[in-house]
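Every number for a ligand or one of its atoms is a count from 1 in the order of the listing.
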Amino acid sequence: MTKKLQAEPYELEFDPKRTALLIIDMQRDFLEPGGFGETLGNDVSLLRTAIEPTRKVLEAAREAGMFVVHTREGHAPHLADLPPSKKRRGNPTLCIGDEGPMGRILVRGEKGHDIIPELYPTKDEPIIDKPGKNAFWSTDLDLLLRNRDIETLIVCGVTTEVCVHTTVREANDRGYECAVVSDATGSYFPEFQRVGLEMIKAQGGLFGWVTTSDQVADALK
Ligand code: C5J
């Protein structure tokens with residue numbers, strides 16, 4: 001049975017059986033005090049506001065029996081999948097692969113790379129390990145979604161203007177309808193958070209819809 005989701009720029013009709021919740025990169029290194037993000041001088045509290053709303057959406061999706069997929073940004077321990085350009089970019093004091101406060105930065109298997117305990121996946125919820133910003137690039141995300149005949153994505157996660165945006169833009173080109181949950185996303189830069197969400201819903205829904213965690217929970221009741 002289809003449901004109606006209150007959203008901007010207009011209401012979105014969706015079928016929970018053909019909808020997936022996509023939670024992007026809610027990893028310790030981005031969100032936890034003492035992680036990589038904080039080491040770079042970012043205020044992680046700006047991202048942590050997304051945790052409770054994401055938990056609300058996750059619980060509603062689990063209760064509704066929706067397909068839930070989590071992603072993590074990171075690289076294999078040998079770093080052969082890390083483009084030298086990505087390692088160099090920004091000339092950071094700590095690079096991907098270096099020893100950070102929670103193990104090697106953005107390396108699979110390290111504590112900092114893993115998903116925060118508040119949102120930890122169940123064994124039935126696939127985790128997509130992605131080497132880039134775009135969750136479709138170099139991953140089997142599209143295969144998992146096509147196998148389930150998914151047409152709509154409800155998207156939460158961090159950061160709004162980077163991995164959320166890059167993924168939603170690609171999803172849009174692949175023909176998925178995307179609803180981004182505003183309070184369940186976050187950015188280290190408040191102006192990017194605001195403009196990132198504006199860009200999604202501009203021009204009648206250029207890349208999709210913007211909604212809230214309460215509106216998702218209401219729609220799934
Ligand atoms: C994500 C990043 N997840 N900001 N990564 O947005 O580098």
What is the closest protein heavy atom to [atom], and at what distance does it sit?
atom	answer
atom 5 (N) of ligand 1	E73 OE1, 2.9 Å
atom 7 (O) of ligand 1	K133 NZ, 3.1 Å
atom 4 (N) of ligand 1	T159 OG1, 3.4 Å

Less than 3.5 Å between some nitrogen or oxygen of [X] and one of ligand 1, yes or no?
X	answer
C163	yes
K130	no
V158	yes

Exercise. Measure the CG-CZ distance between L197 and F192 for me, rounded to the nearest 0.5 Å.
Key: 13.5 Å

Should you measure from each heavy atom of [X], which atoms of ligand 1 turn up under 4.0 Å away?
X	result
F30	3 (N), 5 (N)
V162	2 (C), 4 (N), 6 (O)
D25	1 (C), 3 (N)

Self-check item: Side-chain donor-acceptor pair present, H75, K86, cut-off under 3.5 Å
Solution: yes

Self-check item: Main-chain N/O of A135 paired to T71 side chain as donor or acceptor, under 3.5 Å
Solution: no

Quiz item: Is it true that a side-chain atom of R72 and a backbone atom of D129 form a donor plus acceptor pair closer than 3.5 Å?
Solution: no

Quiz item: Is I200 close to H165 at the side-chain level, that is, under 4.5 Å between some pair of heavy atoms?
Solution: yes

Self-check item: 4.5 Å side-chain heavy-atom contact, I24 and T167
Solution: yes

Quiz item: Does R146 CZ have over 12 foreign heavy atoms under 6.0 Å away?
Solution: yes

